[in-house]
2 protein chains.
Amino acid sequence: MARAPAERGELIPVLGEIFREHGYEGASLSVIGERTGLGKGSLYHFFPGGKAQMAAEVLDEVGAWFEANLYRPLRQEPDPRRAVGLMRQACLDYFRSGRRVCLVGAFALDNVRDRFAAAIRGYFIGWIEALTQALQRGGLEAAVAQNLAEGAVADIQGALVLSRALDDPSLFVRSLGRIEAGLLGAMEAR
Amino acid sequence: MARAPAERGELIPVLGEIFREHGYEGASLSVIGERTGLGKGSLYHFFPGGKAQMAAEVLDEVGAWFEANLYRPLRQEPDPRRAVGLMRQACLDYFRSGRRVCLVGAFALDNVRDRFAAAIRGYFIGWIEALTQALQRGGLEAAVAQNLAEGAVADIQGALVLSRALDDPSLFVRSLGRIEAGLLGAMEAR
DNA sequence: TCTTGACTTTACCGATCGGTACAGTCATCT
DNA sequence: AGATGACTGTACCGATCGGTAAAGTCAAGA
């Protein structure tokens, strides 16, 4: 960043990136101040609740993005095969082909999970439900669709872990292809 | 812990649990001291390299456990179907049916990844290679086996993330069943 | 009995943590 | 021009961070 943002709203994505890179505990106020170009005074003016409020708003924003760009298309796209394709593309974009980590997943593994349990839970529940709906529209039975959806979401999270562990973004891209193929195949088999 | 361990070796698993629960940055020396029952003096007597050495030795121990209880059986068990079953059971045991997080996966998402990159990479490479070998013994072509192995390891990591996010260990148990079935099915289809 | 050395206890170090207080700054409105 | 209020810079708070130093404890060996 290195310069002050025009609006408070522009601050949230920057904070998101900081939490993604450093984790909650690792994102110290000095790091945040440095990256946002804002002193503590300004930060506490915008976020009287301090770091916890910053993280909460970032989680909200992430949740809203996924709702608008992933869950809603999954629920509304009439062609379920196309819906799954949209999900794949949205993931590729959002996670920068595996170079970007899932903030919510990282928080889930961290000991801050308890503090943001509701937001974390809502993020994944929303994803699984939306994907389940799409799969049901593809002719799959509710229980089967739910199981497949859980597996696919878990697989995406795992692919992010693994591609970061091996420092190999292509693994994430490949994984997404395999996951999409698996879902399409299941719907194909009716 | 609450009491001093008889041997230094008994310290490592305790440290592992601490890092699993608090992450690297969250595992402060005061937390470590409290849980191990050891003061800073003792800790630095055993680990002159401080927290970094503790984490490194924990990673080594975890790596050794997986080598002995997962990778080696995967490579050596003559019946590949049984090998996959052993992997499932070992994961259920080690990850306490999803109640326990994968330390290496958590480190991979954390910003300490770079510091322990080699150990993290080795852990996952070893797992993927061993599983790939088992799948090849099951009649699968090298490239196919490698792809399936990557996917299975990622899926396990993702199941850990998801079951912790939803606070639902049963999701991990179910996922492991699905993963095993997928691998067995692929070998079945030759 | 005296010595040795592994281990522990305690006090301390400078740095940094999240957070607070408050005096400025500065564009906008009256 | 004067007042308002959003925003910022800076100094500071007590607590805690990772790490060091050194005196003290104590069982085993000579």
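A, B, ... follow the sequence lines: proteins, then strands. Residue 1 opens every chain. Note that this is a predicted model, so its numbers are computed, not measured.
Residue pairs meeting the side-chain hydrogen bond (donor to acceptor under 3.5 Å, both in side chains) criterion with at least one member in residues 44-56 of chain A, sequence neighbours excluded: A:Gln53-A:Glu57.
Residue contacts for A:Gly50: at a heavy-atom cut-off of 4.0 Å it reaches the sugar-phosphate backbone alone, with no base atom in range. Contacts of B:Tyr44 with the nucleic acid, taken as non-hydrogen atoms under 4.0 Å apart, include base atoms.
Computed from C1' positions of five pairs at each end, the angle between the two local axes of the helix from C:dT1-D:dA30 to C:dT30-D:dA1 equals 10°, rounded to 10 degrees.
In this structure, A:Leu43 places its CG atom 9 Å from P of D:dT8, rounding to the nearest Å. B:Arg8 places its CZ atom 16 Å from the C1' atom of C:dT8, with the value rounded to the nearest Å. For the pair A:Phe47 CZ and D:dA6 P, the interatomic distance rounds to 16 Å; values are reported in whole Å. In this structure, CD1 of A:Ile18 is placed 12 Å from P of C:dG18, rounded to the nearest angstrom. Atoms CG (A:Leu38) and P (D:dT10) sit 13 Å apart, rounded to a whole Å. When rounded to the nearest whole Å, the span between CZ of B:Phe46 and P of C:dA6 equals 11 Å.
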What donor-acceptor contacts under 3.5 angstrom involve side-chain atoms of residues 24-32 of chain B, with partners at least two apart or in another chain?
| from | atom 1 | to | atom 2 | distance (Å) |
| --- | --- | --- | --- | --- |
| B:Tyr24 | OH | B:Ala52 | N | 3.3 |
| B:Glu25 | OE2 | B:Asn111 | ND2 | 3.3 |
| B:Ser28 | OG | B:Ser30 | OG | 3.1 |
| B:Ser28 | OG | B:Val31 | N | 3.3 |

Residues 135-144 of chain A, side-chain donor-acceptor partners within the protein, below 3.5 Å, at least two apart:
| from | atom 1 | to | atom 2 | distance (Å) |
| --- | --- | --- | --- | --- |
| A:Arg137 | NH1 | A:Glu77 | O | 2.4 |
| A:Arg137 | NH2 | A:Leu74 | O | 2.3 |
| A:Arg137 | NH2 | A:Arg75 | O | 2.9 |

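In this structure, the side chain of B:Arg164 does not engage the main chain of B:Val101 through any donor-acceptor pair within 3.5 Å.
Between A:Tyr123 and A:Phe66, the two ring planes are perpendicular [angle over 60°; tilted spans 30° to 60°]. Using a 30° and 60° split on the angle between ring planes, A:Phe19 and A:Phe107 fall in the perpendicular class, above 60°.
Taking every side-chain heavy atom of A:His45 into account, D:dC7 is the closest of C:dC7, D:dG18, D:dC7.
Checking B:Gln146 against B:Glu150 by side-chain atom types alone, a donor-acceptor pair falls below 3.5 Å.
For A:Pro48 and B:Gly39, each mapped to the nucleotide of DNA chain C holding its nearest heavy atom, the one lying further toward the 5' end belongs to B:Gly39.
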I'd like a table of atom pairs between the protein and nucleotides 13-17 of chain C - only N or O on both sides, under 3.5 Å - with the distance next to each one.
| from | atom 1 | to | atom 2 | distance (Å) |
| --- | --- | --- | --- | --- |
| C:dC17 | OP1 | A:Ser28 | OG | 2.9 |
| C:dC17 | OP2 | A:Ser30 | OG | 3.3 |

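The residue from A:His22, A:Glu21, A:Glu17 that alone fulfils the side chain to side chain donor-acceptor pair (under 3.5 Å) condition with A:Arg35 is A:Glu21.
With sequence neighbours left out, the salt bridge (charged side-chain N to carboxylate O under 4.0 Å, His left out) criterion links A:Arg99 to no other residue.
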